[in-house]
Engineer: 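Have a look at this one before I ask anything.
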2 protein chains.
Amino acid sequence: MFSLSEENYLKAIFHLQKHAKAGVSTNALAEEMQTKASSVTDMVKKLSDKNLVIYKKYQGVYLSESGRKTALQIIRKHRLWEVFLVEKLDFTWDEVHEVAEELEHIKSEKLISELDKFLDYPKRDPHGDPIPDAEGDFQVANKTLLSDLSIGETGTLVGVKDTSSEFLKYLDKNKIALGKTIEVLDKEEFDGSMLIRIEEDRLRVSTMVTNNIYIKI
Amino acid sequence: MFSLSEENYLKAIFHLQKHAKAGVSTNALAEEMQTKASSVTDMVKKLSDKNLVIYKKYQGVYLSESGRKTALQIIRKHRLWEVFLVEKLDFTWDEVHEVAEELEHIKSEKLISELDKFLDYPKRDPHGDPIPDAEGDFQVANKTLLSDLSIGETGTLVGVKDTSSEFLKYLDKNKIALGKTIEVLDKEEFDGSMLIRIEEDRLRVSTMVTNNIYIKI
DNA sequence: TAAAATATTTAGATGCATCTAATTTTAAAC
DNA sequence: GTTTAAAATTAGATGCATCTAAATATTTTA
Ligand SMILES: [Mn+2]
Ligand SMILES: [Mn+2]
Ligand SMILES: [Mn+2]
Ligand SMILES: [Mn+2]
């Protein structure tokens, strides 16, 4: 159907589009894809020829309906594989991304529907991100960044924004995990750092941390 | 490490080498890879540059020790994935090959060692073929083609030579499966066809069948 | 709003895997 | 042992995904 590269571009556009006010810019895509702007222009033209994106020169790029559908199916596969790796193969949540990045491109409808069944239709991946169903539908959780909480507020950790291995290992080390209850004990005006209670532990965390943790109040 | 194409070539050379008296010929490889002889020559040169094969112009190609090791690791992955698909995802043995052909190229040591563990270290794939261990070692079963059995002989079905979907579906339809006991009741001199007993059933099968079933006596 | 800075696109090139057509080498037939 | 047929290699081309360098468009700044 689509090449590995095309699929990765669609996914990148999908992710960038969520935060973009206008079309996704060439440079933003180049940064995300770890490539050069000129390469992005080439690929965007190709995706446009295939009606996966809407592209007008210098105006940035938007996913078309079919592009969005395709992107969501790749994301579905990526996240299902992540669940598989953690639940069945004893991978840690900081190890799964790289492998899922490859597995998401395997082409087989049956493979993914059976995997979904085998995993008992999970709704979220190991990082708390929602898993689209076969139609591309998924529920958006109403979640807040930890940094947006005020002193005294309490919530449950439901996701991470930064999924880098370094960040996830930091969280592991400090026993910060999905599902745990977090209370904001104090917030330092000067640098935004917080003193939090997570189960029995107390911990001071920087904005690098609070800006990358999602809480459901 | 190696490209998808390189890996597929190594695997093809490995399989062809088993039956070849001399080096694997360019045309044989082209046939196996569904490509043109000129493409094979190009690739073989590349593999030779990487010391994965020994190649002298017009003399055919042989796997080097490192090429053989690599081929066996890809075969290991292919067969482990086949077991996974059948045992865990309810694939039938005629559905697994195509998907495994893609999965075998996923690059992750941990993935494959954990998969092996998850599957409880299987020794054979769904077609009865041996699964090499992490070192590339595997036991060669002493097996005979059904066509080589004489009237009155009995054995266990331990493998299939032809793994095409058509053949496997034919076997399913006639309830011929791995592990079943087969007795040769009669053999027709004229066309080599056999009357066999498989559990409670009696069945006449052509040489197209008897030449593609492995029996352990 | 004109100049400067930044963003984006185009032009031209490379490496990979493939192809067709032409050439060369080896094997088979006479 | 020549000639002929088959097998293999080389030459030259294409499509894909990428790059660098140059050109052009847009945005920001003064
Ligand atoms: Mn990917
Ligand atoms: Mn994830
Ligand atoms: Mn393959
Ligand atoms: Mn098999």
Engineer: Give the ring-plane orientation class for His78(B) versus His97(B), where under 30° counts as parallel, over 60° as perpendicular and anything between as tilted.
Structural biologist: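 Because their plane-to-plane angle lies in the 30° to 60° range, the rings of His78(B) and His97(B) count as tilted.
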Engineer: Base, sugar-phosphate alone, or nothing: which one does Thr26(B) contact when heavy atoms must sit under 4.0 Å apart?
Structural biologist: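 The residue Thr26(B) makes sugar-phosphate contact but no base contact.
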Engineer: Could you pick out which residue, Lys57(B) or Tyr9(A), lies toward the 5' side of DNA chain D when each is mapped onto its nearest nucleotide?
Structural biologist: Lys57(B)
Engineer: Parallel, tilted or perpendicular: which describes the rings of Trp81(A) and Phe84(B), with under 30° parallel and over 60° perpendicular?
Structural biologist: tilted
Engineer: Could you tell me whether Lys110(A) sits above the aromatic face of Phe91(B), with NZ or CZ closer than 6.0 angstrom to the six-membered ring centre and within 45 degrees of the axis?
Structural biologist: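 Output yes; distance and angle both within limits.
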Engineer: Starting the side chain at C-beta, find the nucleotide from dT26(C), dT18(C), dC19(D) nearest to Gln59(B).
Structural biologist: dT26(C)
Engineer: Between P on dA7(C) and CD on Glu31(A), what's the gap in Å once rounded to a whole number?
Structural biologist: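 Between P of dA7(C) and CD of Glu31(A): 12 Å.
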Engineer: Whole Å only: how far is the NZ atom of Lys36(A) from the C1' atom of dA11(C)?
Structural biologist: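 Rounded to whole Å, this separation is 17 Å.
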Engineer: How would you label the contact of Ser5(A) with the nucleic acid (heavy atoms, under 4.0 Å): base, sugar-phosphate, or nothing?
Structural biologist: sugar-phosphate
Engineer: Closer than 4.0 Å, any side-chain N/O of Tyr55(A) to the OP1 or OP2 of dT9(C)?
Structural biologist: yes
Engineer: Side chain of Ser38(A) only, heavy atoms from C-beta on: which candidate in dA8(D), dT10(C), dC19(C) is closest?
Structural biologist: dT10(C)
Engineer: Between dT18(C), dT9(D), dT8(C), which nucleotide has the shortest distance from any of its atoms to the side chain of Ala37(B)?
Structural biologist: dT9(D)
Engineer: What nucleotide, of dT10(C), dT26(D), dT26(C), holds the atom closest to the side chain of Tyr58(B)?
Structural biologist: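 That would be dT26(C).
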Engineer: Specify the separation, in whole Å, of atom NZ of Lys56(B) and atom P of dT25(C).
Structural biologist: 17 Å
Engineer: For Lys45(B), which contact category applies under a 4.0 Å heavy-atom criterion: base, sugar-phosphate, or nothing?
Structural biologist: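 Sugar-phosphate contact only - Lys45(B) comes under 4.0 Å of backbone atoms but never of a base.
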Engineer: Figure out the CG/C1' separation between Leu4(B) and dT18(C), and round it to whole Å.
Structural biologist: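 Atom CG in Leu4(B) sits about 14 Å away from atom C1' in dT18(C).
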Engineer: Rounded to whole angstroms, how far apart are CG on Asn27(B) and P on dT26(C)?
Structural biologist: 16 Å
Engineer: Distance check needed: dC16(D) P versus Leu47(A) CG, whole Å only.
Structural biologist: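 Leu47(A) atom CG is separated from dC16(D) atom P by 12 Å.
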Engineer: Can you tell me the distance, in whole Å, between the CG atom of Asp42(A) and the P atom of dT14(C)?
Structural biologist: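 Taking CG of Asp42(A) and P of dT14(C), I get 16 Å after rounding.
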Engineer: Rounded to the Å, how far apart are Leu29(A) CG and dT9(C) P?
Structural biologist: 10 Å
Engineer: Please test Glu104(A) against Lys11(A) for salt bridge (Lys or Arg N to Asp or Glu O under 4.0 Å), starting from the C-alpha separation and ending with a verdict.
Structural biologist: CA-CA 11 Å; Glu104(A) 70 189 359; Lys11(A) 208 161 49 109; 3.1 Å; yes
Engineer: Identify which nucleotide among dC19(D), dT18(C), dA8(D) has an atom closest to any side-chain atom of Thr41(B), counting heavy atoms from C-beta outward.
Structural biologist: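 Given the options dC19(D), dT18(C), dA8(D), the side chain of Thr41(B) is closest to dA8(D).
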Engineer: Under 6.0 Å from the ring centre and within 45 degrees of the ring axis: does the NZ or CZ of Lys123(A) meet both conditions for the six-membered ring of Phe138(A)?
Structural biologist: no
